[in-house]
Amino acid sequence: MPGTEEEQPNRTDDGANSGPPLADCVHCGEPTEYPADRPGALLCPHCEWLEAQRSACSG
C-alpha cells in the first residue's frame, strides 16, 4: 500500500533539529535555508523563486 511505513524504513527526522536555528523569511515568515545569524534580508525558497521571477521580467 502506498504511504505505509514499510516503504520508508530509512526515513528519519534526526537531521531536522541539528545545526543552528534557521532564519525566518522576511516576506512570509516561513523558515529559510540559512542560519539565523546570517546578515541580510533572507527569503524562503518559494519567495526567492518569486523574487527571481519578478526581477527577470522587469527588464
Side-chain angles (χ1 to χ4, degrees):
M1 295 179 96
T4 61
E5 289 183 30
E6 291 84 18
E7 292 180 7
Q8 301 173 355
N10 295 329
R11 182 174 176 217
T12 62
D13 293 330
D14 294 339
N17 292 330
S18 63
L22 299 177
D24 292 334
C25 176
V26 296
H27 288 290
C28 67
E30 292 293 319
T32 66
E33 298 175 340
Y34 307 104
D37 60 352
R38 182 172 175 166
L42 303 174
L43 303 175
C44 69
H46 178 74
C47 290
E48 281 183 354
W49 182 82
L50 290 174
E51 190 65 28
Q53 292 297 313
R54 285 187 203 107
S55 64
C57 294
S58 65

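By convention here, the first residue in the shown sequence is residue 1. Values below: all heavy atoms of this structure, side chains included; hydrogens, waters and symmetry mates excluded.
Legend: side-chain hydrogen bond (donor to acceptor under 3.5 Å, both in side chains) pairs involving residues 21-31, not counting sequence neighbours: none detected. For the salt bridge (Lys or Arg N to Asp or Glu O under 4.0 Å) condition, the pairs that include at least one residue of residues 31-53, sequence neighbours left out, are Glu51-Arg54.
Pairing each heavy atom of Cys47 with each of Cys28, the nearest pair is SG-SG, 3.8 Å.
Grouping Ile, Leu, Val, Met, Phe, Trp and Tyr residues whose side-chain heavy atoms lie under 4.5 Å apart, directly or via other members, places Leu42 in a hydrophobic cluster with Tyr34.
Looking at heavy atoms from C-beta onward, Leu43 lies in side-chain contact with Val26 at the 4.5 angstrom threshold.
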